[in-house]
Protein chains: 2
Amino acid sequence: MINKKITLKELAGILKVSVSTVSKALNDSYEISEATKKKVKTAAIKYNYSPNLLAQGLKTKKTKILGVVIPDMRAPFSIRVLRGIEKEASAQGYNILTCFSDESLSKEKAILDMLSQGNVDGILMSLSKESQVEQYFDHVNTLISNGIPVTLFDRVDERIQCDKVIINDFDSTYDATKLLLKSGARNILFISPISTTTIGKNRYRGYAFALEERGNLKEKVLHIEEYRDFSDDLTRILKADKIDAIIAANELTGISAINIATRLGFKIPEQISIIGFTNGILSMNSNPPLTTISQHGKDIGKVATQKLINRLENKNLDFTTTVIETTLIKRGTTRN
Amino acid sequence: MINKKITLKELAGILKVSVSTVSKALNDSYEISEATKKKVKTAAIKYNYSPNLLAQGLKTKKTKILGVVIPDMRAPFSIRVLRGIEKEASAQGYNILTCFSDESLSKEKAILDMLSQGNVDGILMSLSKESQVEQYFDHVNTLISNGIPVTLFDRVDERIQCDKVIINDFDSTYDATKLLLKSGARNILFISPISTTTIGKNRYRGYAFALEERGNLKEKVLHIEEYRDFSDDLTRILKADKIDAIIAANELTGISAINIATRLGFKIPEQISIIGFTNGILSMNSNPPLTTISQHGKDIGKVATQKLINRLENKNLDFTTTVIETTLIKRGTTRN
DNA sequence: TTGTACGCGTTATCAA
DNA sequence: TTGATAACGCGTACAA
């Protein structure tokens, strides 16, 4: 019995003016006198009017909704990016429609299909593993050529022409490896659950390049499956190879490495140093706290959103790629 | 240059039939012959037709979008619920529009305002702290009386008449406390960053009741601020009071308690047992792994979504409240 | 300064 | 079995 929804037409009826007068008054059109504007606006508040977004969208072709496609919501990094996106979007008056592709190409296709049916003004997305493995991007390119702006973040591909926001994955592990070398490590193990993604490859390259540059050091790489227990593999390697440092290609792997090594009796960081990725809640609360490469997930989300909205509101911009620099956050799992 | 969007009208033009015929054919109306149905459908695929969701929504008053309002996306529990929601929703052909109230009443109002403008068929939400402190729920009740179905989960209030999904917070801490007592603990500290919420109060009550039942034991409660470092307070208490067990009212607090106690040289669980909340990624990866009360966040999300969709598709149901039972997951921070 | 009339892309009603 | 036509709620060119 409280304030029921009211339409423009009904409001016009009450005020005994035409629909268009009400519409224009509400939109502050110069054609309407201040007097009626005021009258209409107060009535709008009194009768609790608010425009129907669907009708408005249908008319203006703008919904003020941004589609977000994320491959894996279990990843703390994804959540940080999502927070950045949501915050920036809502600050700019946009809402977000969040979808998860579960790293699957077919789900990704279905999502883009749905999102291209008029609901969203633009799309923020990170490619699924499967898309990257299959190197299939037609669905994304179709979307773009259909006129829906897309901003890719984190997992991107050069075969897709659009705005992009990435981190310098190569540099991140290159720097991390150098730090470990400087602190005396000589047997650095690289553990990666994301070897199939472009990002995973770049992180590996940064590691490998630093070793090669130093000369005389052997690469040790452990490819694992995401969200799978790898304690047996790691235990074997730790015992056999006199590993004195570990770089993990994502946060969870870094945390698990700490736990496994600790359980085996290794002192961290005295005997084994560990560096992980993502300055997330896990790293801050591990024991000891994990030294990580911060990807500034929130910034990525923020910048990606800004770029997308910028494109929505200003046509004919050139596509650009923004690189967010990573930062090494030193905590308890590395020496000095 | 690829498959451009096409409308019903254009498709009708191509096929030289009327718009309504195309619409009906696509919707498998009994009025249309199989022959033309087939013809229309293949043409629809060929010309890449898909309905404009806005127009469809405007017409049918259904958008197949569920609004989700969550107070705090940093909470691992929220994320688990969100996953449950997303999964169930997408399984049932719904999409979700995710919003975060940041525990703020004014943001919560703004969000509901926006969501009530036609975009969503129904809303899933958990109340913000501020709403619970202020005991202000008019915005939610207005929404409901405006005809938008709402399902509340986790943080609910009896002054809001709608479907609800909750856990038995009282039982959860009651059981946890009993377990600790049984294992020999006599000085159990309860740490809570959520004392202002109904849930926080119930969790406290479960703890207090178990102590009272046992008789002769003193309550020890530490109220803290969420996401704030409480090591000083805890250190003081741990040193002064010979605490032998801790119950933390949420996951992050439990993890922090482990770290602080460990840093002070206490052996866990030998000297201090710890039980936390939420069977999340943090608890599984702490050192030692945290014994937790699993709230089955994904189930909560799933059930809440099912209830909402059920209401959307079947009118005039009575409101019900579903209680999801918690489970104690014993891991490394408790004895035997 | 205000009002009329049309269209956005659909579905639904009614006639043919 | 098919087709005109109105309507959903809004914005806007154009007329008044």
Side-chain angles (χ1 to χ4, degrees), chain A residues 4-41 43-44 47-65 114-121 146-148, chain B residues 4-41 43-44 47-65 114-121 146-148:
Chain A
K4 198 79 190 140
K5 264 277 143 75
I6 198 178
T7 73
L8 211 54
K9 192 192 287 184
E10 291 165 335
L11 191 58
I14 295 172
L15 291 171
K16 303 206 186 299
V17 293
S18 80
V19 193
S20 60
T21 303
V22 179
S23 170
K24 287 174 187 170
L26 258 20
N27 291 319
D28 263 326
S29 164
Y30 64 96
E31 313 177 42
I32 304 293
S33 71
E34 284 306 320
T36 47
K37 271 187 196 171
K38 197 152 290 173
K39 194 178 66 178
V40 170
K41 284 181 180 175
Y47 292 99
N48 192 35
Y49 169 78
S50 66
N52 179 307
L53 263 24
L54 292 178
Q56 218 167 32
L58 182 57
K59 189 66 198 176
T60 63
K61 312 278 188 201
K62 304 234 159 299
T63 61
K64 289 277 185 178
I65 297 180
M114 178 266 147
L115 289 180
S116 66
Q117 305 191 11
N119 268 329
V120 302
D121 291 350
N146 271 347
I148 301 187
Chain B
K4 199 76 193 142
K5 266 275 142 76
I6 198 179
T7 73
L8 211 55
K9 192 191 287 183
E10 291 167 334
L11 192 57
I14 294 171
L15 291 171
K16 303 205 185 301
V17 293
S18 80
V19 192
S20 55
T21 304
V22 178
S23 171
K24 288 173 187 167
L26 257 20
N27 290 320
D28 263 326
S29 163
Y30 65 97
E31 312 177 41
I32 303 294
S33 71
E34 283 306 321
T36 46
K37 270 188 195 170
K38 197 152 289 174
K39 193 178 65 175
V40 170
K41 285 181 180 176
Y47 292 98
N48 193 35
Y49 169 79
S50 66
N52 179 308
L53 264 24
L54 294 178
Q56 218 166 33
L58 180 59
K59 189 66 194 174
T60 62
K61 311 274 187 205
K62 303 235 161 299
T63 62
K64 288 279 189 176
I65 297 181
M114 178 266 145
L115 289 180
S116 66
Q117 307 191 9
N119 269 328
V120 303
D121 290 351
N146 271 348
I148 302 187

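Every chain is numbered from 1, with letters handed out A, B, ... down the list of sequences.
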*Asks:* Of B:Lys24 and B:Ala55, whose closest DNA chain D nucleotide lies nearer the 5' terminus?
*Replies:*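 Nearest-nucleotide comparison on DNA chain D picks B:Lys24.
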*Asks:* Pick base, sugar-phosphate or nothing for B:Leu8, based on heavy-atom distances below 4.0 Å to the nucleic acid.
*Replies:* base
*Asks:* Could you check which residues of residues 13-22 of chain B get a heavy atom under 4.0 Å from DNA chain C? Sort them by number, please.
*Replies:*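 The stretch gives B:Ser20 as the residues lying under 4.0 Å from the strand, ordered by number.
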*Asks:* How many whole angstroms separate atom CG of A:Leu53 from atom P of D:dG9?
*Replies:*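 About 14 Å, once rounded to whole Å.
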*Asks:* Considering every strand and a 4.0 Å limit on heavy-atom distances, what is the contact class for B:Ser33: base, sugar-phosphate, or nothing?
*Replies:*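 Sugar-phosphate only.
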*Asks:* Any Lys/Arg nitrogen of A:Asp28 or A:Lys37 sitting under 4.0 Å from an Asp/Glu carboxylate oxygen of the other?
*Replies:*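 A salt bridge is present here (some side-chain N lies under 4.0 Å from a carboxylate O).
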*Asks:* Any base atoms under 4.0 Å from B:Thr36, or only sugar-phosphate, or nothing? Heavy atoms, all strands.
*Replies:* sugar-phosphate
*Asks:* Verify the contact: side-chain N or O of B:Lys37 to OP1 or OP2 of D:dT1, cut-off strictly under 4.0 Å; return yes or no.
*Replies:*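 Indeed not, no polar side-chain atom of B:Lys37 lies that close.
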*Asks:* Would you please say whether a donor-acceptor pair under 3.5 Å links the side chains of B:Ser23 and B:Ser20?
*Replies:* no
*Asks:* Heavy atoms only, 4.0 Å cut-off, all strands: where does B:Glu31 land among base, sugar-phosphate and nothing?
*Replies:* base
*Asks:* Below 4.0 Å from chain B heavy atoms, what is the first contacting nucleotide of DNA chain C and what is the last?
*Replies:* C:dC8 to C:dC14
*Asks:* Please work out if B:Lys9 contacts a base, only the sugar-phosphate, or nothing of the nucleic acid, heavy-atom cut-off 4.0 Å.
*Replies:* sugar-phosphate
*Asks:* Regarding B:Ser29, tell me which of base, sugar-phosphate or nothing describes its non-hydrogen contacts under 4.0 Å with the strands shown.
*Replies:* nothing
*Asks:* Check this for me: A:Lys38, atom NZ, are more than 12 non-hydrogen atoms of other residues, nucleotides or ligands nearer than 6.0 Å?
*Replies:* no
